[in-house]
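Just below is one structure, and these are the notes that go with it.
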Protein chains: 2
Amino acid sequence: MSGSDADFAAALTAALGAGQVLEGSAVAERNPGFGASNLRAGILVRPRDTAGVAATLRLCHEAGRAVVAQGGLTGLAGGATTGPGDVILSLERLDRIEAIDPVNRTMTVGAGCHLQVVQEAAEAAGLMFPLDLPSRGSCTVGGNIATNAGGCRVFRYGMTRGLVLGLEAVLADGTVLSSLNRVIKNNAGYDLKQLFIGTEGTLGIVTRAVLRLFELPRGQATALAAVESFEQVASLLKAVDGGLGGALSTFEVMWRNYYAVTAEATCGASMPLPAKAPFVVLIEALDRSDEAARGALEGALGQAFEAGLLADAVVAKSAAESEVFWRIRDDSLVLFDRHETVLPFDISLPIPEMADYVTTVEATLARTLPDYATYTFGHIADGNLHFAVCGRAMDPATRETAERAVYAPLDGRGSVSAEHGIGLDKKGWLPLSRNPEELALMRRLKVALDPKNILNPGKVVDAA
Amino acid sequence: MSGSDADFAAALTAALGAGQVLEGSAVAERNPGFGASNLRAGILVRPRDTAGVAATLRLCHEAGRAVVAQGGLTGLAGGATTGPGDVILSLERLDRIEAIDPVNRTMTVGAGCHLQVVQEAAEAAGLMFPLDLPSRGSCTVGGNIATNAGGCRVFRYGMTRGLVLGLEAVLADGTVLSSLNRVIKNNAGYDLKQLFIGTEGTLGIVTRAVLRLFELPRGQATALAAVESFEQVASLLKAVDGGLGGALSTFEVMWRNYYAVTAEATCGASMPLPAKAPFVVLIEALDRSDEAARGALEGALGQAFEAGLLADAVVAKSAAESEVFWRIRDDSLVLFDRHETVLPFDISLPIPEMADYVTTVEATLARTLPDYATYTFGHIADGNLHFAVCGRAMDPATRETAERAVYAPLDGRGSVSAEHGIGLDKKGWLPLSRNPEELALMRRLKVALDPKNILNPGKVVDAA
């Protein structure tokens with residue numbers, strides 16, 4: 001560690017008090033989460049409160065030190081990557097649920113609170129926080145906000161952006177911006193919280209948030225449907241969405257290559273549907289009772305069958321069976337068991353363009369990377385597709401070949417990141433999804449909010 | 001008209017072509033909409049396309065001319081007010097519906113398109129654009145976006161902000177920012193459209209937008225419920241929202257003073273419920289069929305009655321009766337028939353604080369303005385309350401007395417504008433709802449995006 005790191009750590013300790021600043025090996029030995037390079041910084045600060053975050057940023061701003069905010073370290077775009085000169089600002093101690101208001105249907109939480117803790121606290125109050133991700137037990141609300149996290153129920157309940165009513169953030173110079181709005185409608189001037197949602201810690205660091213909660217759904221029904229063509233998948237979405245009258249909460253599409261593997265891993269030979277159809281769709285209704293949800297779902301699927309939109313369908317007869325259906329969709333971890341490398345993608349484009357796009361990407365991957373397997377699935381209702389390109393360890397050139405196959409056909413018509421964010425890993429591909437005027441305006445915002453370029457520098461977009 | 005106005009108009013005409021620039025009396029003689037001072041500018045430009053908007057802004061930027069964008073002129077906060085030196089930029093000719101995609105469930109429209117035209121085009125495609133306001137026939141999509149318009153179905157479908165997937169805007173210097181995203185999930189860098197939604201034409205001028213559409217609901221049920229206390233109103237909201245399982249689309253509360261007047265105006269002596277209870281609630285369910293909506297609504301109201309949450313309720317037996325219920329809620333125009341002046345307010349605060357707040361405001365108004373009548377109603381589920389203070393013509397001191405009565409008790413806990421915006425009229429009250437750090441950050445954004453302060457200058461927030 002350089003002398004200046006030790007001096008700066010001492011200055012931080014003097015400002016924050018003992019036990020809040022880690023150095024050198026004490027940083028490197030922590031759990032790096034999903035990114036091996038998350039802990040390369042010489043200093044890690046874990047303040048007890050917003051004032052500690054503000055003091056840290058004030059000192060970093062004065063010294064021109066780069067600050068990387070970290071939450072649960074489950075990001076998939078390299079947004080939390082650090083280098084030797086950086087200061088990690090961990091929000092782990094801002095993990096309190098400060099208030100739940102069951103009448104206003106809001107929760108005020110610290111940024112370091114785990115998503116699952118928020119979900120469970122809401123449920124205990126008869127309410128639901130609808131954001132849900134496989135990493136719920138590790139990811140934090142602050143990270144969800146910084147990356148505008150999505151998941152499987154977005155088309156009904158919105159991205160994280162739509163679930164945050166207010167927030168508190170600390171600006172680059174240590175100014176505390178308290179904007180803890182608690183109402184759905186507030187047009188009192190610019191909606192400043194938008195600056196900190198989905199900007200991956202590059203414009204400010206979120207310390208607290210007011211989350212919107214919903215009444216806990218009283219009934220659920222789940223089904224799997226086998227579909228023969230993507231056009232029918234798109235028509236089925238419209239049919240069940242209209243037929244369920246607002247109760248549709250999930251419409252997850254698995255291409256056969258994905259379903260075959262995860263259904264077999266979950267169910268062995270007794271899959272709910274055989275892995276024959278080109279598409280299997282997981283459909284969930286959340287409604288006023290199990291009976292209402294199930295009746296509506298069976299009715300909508302029956303009509304869709306009569307209209308020739310699906311080849312077969314099975315509705316879960318119990319909560320346990322519903323869990324099995326969900327596990328088939330969620331269990332992409334099985335890919336890690338079978339392959340040395342799993343390269344995940346996360347793109348979006350309009351639904352009518354998906355079928356051709358996937359055909360193009362799968363064909364290119366089969367041609368250029370014949371030794372790798374591709375699995376395809378996605379949140380179709382949101383325009384969001386995932387690919388997992390899997391096989392032996394990848395060198396950088398192989399990785400770029402895969403990236404080019406997925407991203408190049410998006411040029412000008414889709415997004416290289418639907419929900420994971422840009423971070424460091426996708427920065428080079430961002431110009432495929434954003435034009436020069438958009439990139440210039442992003443840089444203008446970055447300079448306006450972080451003129452010394454200390455907040456997660458080099459991530460998302462370069463300063464001007 | 002000054003010579004420089006004529007010169008500048010000539011320069012605009014040279015750049016844009018004939019017929020797109022009006023001067024002097026040709027401006028003043030137009031329909032001023034809701035604001036008598038909307039047409040005080042010497043020049044009005046009505047470009048045919050985005051290129052014309054860009055050319056106008058380039059010239060105004062060079063000349064340091066103030067530009068006020070105008071849509072349907074139905075704003076309620078003075079956001080479209082102009083003075084003699086201003087250039088009005090009317091988006092009226094950008095009124096085309098460019099595309100409707102029924103599979104992707106999106107519509108691409110020009111900013112000058114009327115809201116009602118959008119609603120009807122969506123419906124003709126079997127879809128719904130859920131934003132709805134009484135001024136639907138006059139207001140424009142561009143104005144809806146610039147003010148982040150709300151309305152009666154926000155808690156289910158979101159504000160305008162949540163219904164805009166992408167947009168095209170022209171920046172102060174004439175740069176065209178094309179950000180016409182068509183998917184629900186897109187985390188490719190900063191979400192720049194947020195800069196132009198709800199910022200009232202002060203950061204850029206919206207020219208086109210991609211709107212999110214929903215499947216057209218197949219069934220509707222409507223009810224009125226009489227409730228004895230505000231605590232019961234709040235409990236009733238939770239009860240019917242949970243009991244309807246996602247189908248609740250409207251929960252509008254009328255205080256007795258409002259219901260008594262509008263129900264009598266609509267129904268005479270044969271009101272659906274007598275004007276006796278302190279609160280009457282309009283409840284709407286949009287669901288998969290009329291039978292499902294009606295069954296669920298009757299079930300939820302029955303349970304609420306048994307739980308002692310309501311004194312009486314009536315469910316509409318026909319579409320015509322449902323329309324009557326809606327007219328009782330919507331027909332605030334009757335206040336204009338009865339009073340020389342109607343001063344509307346539009347505040348928001350958390351639901352648990354509403355009852356005390358309204359009691360305080362009504363008591364203050366009764367004491368300080370005994371010759372004026374107050375009517376109270378609101379979108380409770382959104383935290384949004386309206387007051388109408390009515391009586392003879394108001395001098396500025398009287399108006400300020402009314403404003404102080406409504407706004408002062410919000411200090412630090414509520415918003416002086418839930419949905420109408422700040423414009424010019426509420427700018428002086430903004431510091432009650434936003435702290436100095438928030439106001440400073442708004443100014444910083446303003447300077448970054450409009451360094452010459454030509455975009456709707458003086459509205460919302462002053463440049464630094």
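Convention: sequence-line order gives letters A, B, ...; per-chain numbering from 1. In what follows, every heavy atom counts, from backbone to side chain, and hydrogens, waters and symmetry copies are set aside.
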Considering all heavy atoms of both residues, which atom of Glu215(B) and which atom of Gly242(A) are nearest to each other, and what is their separation? CG-N, 3.8 Å
Region of Ala292(A) that comes under 4.5 Å of a non-hydrogen atom in chain B: both
Side chain / backbone / both / neither for Ala77(B) at chain A, heavy atoms under 4.5 Å: neither
Output yes when a side-chain donor or acceptor of Lys238(A) lies under 3.5 Å from a complementary backbone atom of Pro102(B), and no otherwise. yes
Of the listed residues (Ser415(B), Ala188(B), Ser417(B), Gly383(B)), which shares the most heavy-atom pairs with chain A below a 4.5 Å separation? Ala188(B)
Answer yes or no: is there a side-chain heavy-atom contact under 4.5 Å between Leu192(A) and Glu437(B)? no
Quick one: closest heavy-atom pair of Ala239(B) and Arg218(A), and the distance? O-NH2, 3.9 Å
Just so I understand: if I count every heavy-atom pair under 4.5 Å between each of Leu180(B), Asn435(B), Thr202(B), Asp287(B) and chain A, which residue has the most? Asp287(B)
Option in Leu244(B), Leu171(B), Leu286(B), Val416(B) with maximal non-hydrogen atom pairs under 4.5 Å from chain A: Leu244(B)
Check whether Leu127(B) gets within reach of chain A through its side chain, its backbone, both or neither, counting any heavy atom under 4.5 Å. side chain
Any idea which of Gly189(A), Ala293(A), Ala234(A) has the most non-hydrogen atom pairs under 4.5 angstrom with chain B? Gly189(A)
Which residues satisfy the ring-ring contact (aromatic ring centres under 6.0 Å, His included) test with Tyr407(B), sequence neighbours excluded? Phe345(B), Trp429(B)
Honestly, the part of Val447(A) sitting under 4.5 Å from a heavy atom of chain B is neither
Do any N or O atoms from the side chain of Asp191(A) and from the backbone of Gln194(B) form a donor-acceptor pair under 3.5 angstrom? no
Compare every heavy atom of Tyr190(A) with every heavy atom of Met442(B), then report the nearest pair and how far apart it is. O-CE1, 3.5 Å
Checking Asn187(A) side chain against Asn148(B) main chain: does a donor-acceptor pair fall under 3.5 Å? yes
Backbone N or O of Met159(B) within a donor-acceptor pair of the Lys185(A) side chain at under 3.5 Å? no
What part of Ser179(B) gets within 4.5 angstrom of chain A, counting heavy atoms only: side chain, backbone, both, or neither? both
Name the option with the most non-hydrogen atom pairs under 4.5 Å to chain A; the candidates are His379(B), Arg161(B), Arg156(B), Lys426(B). Arg161(B)
Closest approach of Glu438(B) to Ser178(A) (non-hydrogen atoms, all atoms of both residues): CD-O, 3.6 Å
Could you look at Ala169(B) and say if it's the side chain, the backbone, both or neither that has a heavy atom under 4.5 Å from chain A? neither
What verdict does the side chain to side chain contact (heavy atoms under 4.5 Å, CB included) test give for Leu195(A) and Leu441(B), after you've listed the backbone C-alpha separation in whole Å, the side-chain angles of each residue and the deciding distance to 0.1 Å? CA-CA 10 Å; Leu195(A) 292 167; Leu441(B) 186 53; 4.0 Å; yes
Between Thr199(B) and chain A, which part of the residue has a heavy atom less than 4.5 Å away: side chain, backbone, both or neither? both
Among the listed options Pro436(A), Ser433(A), Ala296(A), the residue most often paired with chain B at heavy-atom distances under 4.5 Å: Ala296(A)
Contact listing (chain A partner; residues 346-354 of chain B; heavy atom under 4.5 Å): Ser348(B), Leu349(B), Pro350(B), Ile351(B), Pro352(B), Glu353(B)
Side chain, backbone, both or neither of Val103(B) within contact of chain A (heavy atoms, under 4.5 Å): both
Give the member of Leu216(B), Ile197(B), Val154(B) that has the highest number of heavy-atom pairs under 4.5 Å with chain A. Val154(B)
If we define contacts as heavy-atom pairs under 4.5 Å, which of Gly246(B), Gly198(B), Gly243(B) has the most with chain A? Gly243(B)
Tell me, side chain or backbone of Asn384(A) under 4.5 Å from chain B's heavy atoms, or both, or neither? side chain
Measuring heavy-atom distances to chain A, does Asn181(B) have an atom under 4.5 Å in its side chain, in its backbone, in both, or in neither? neither
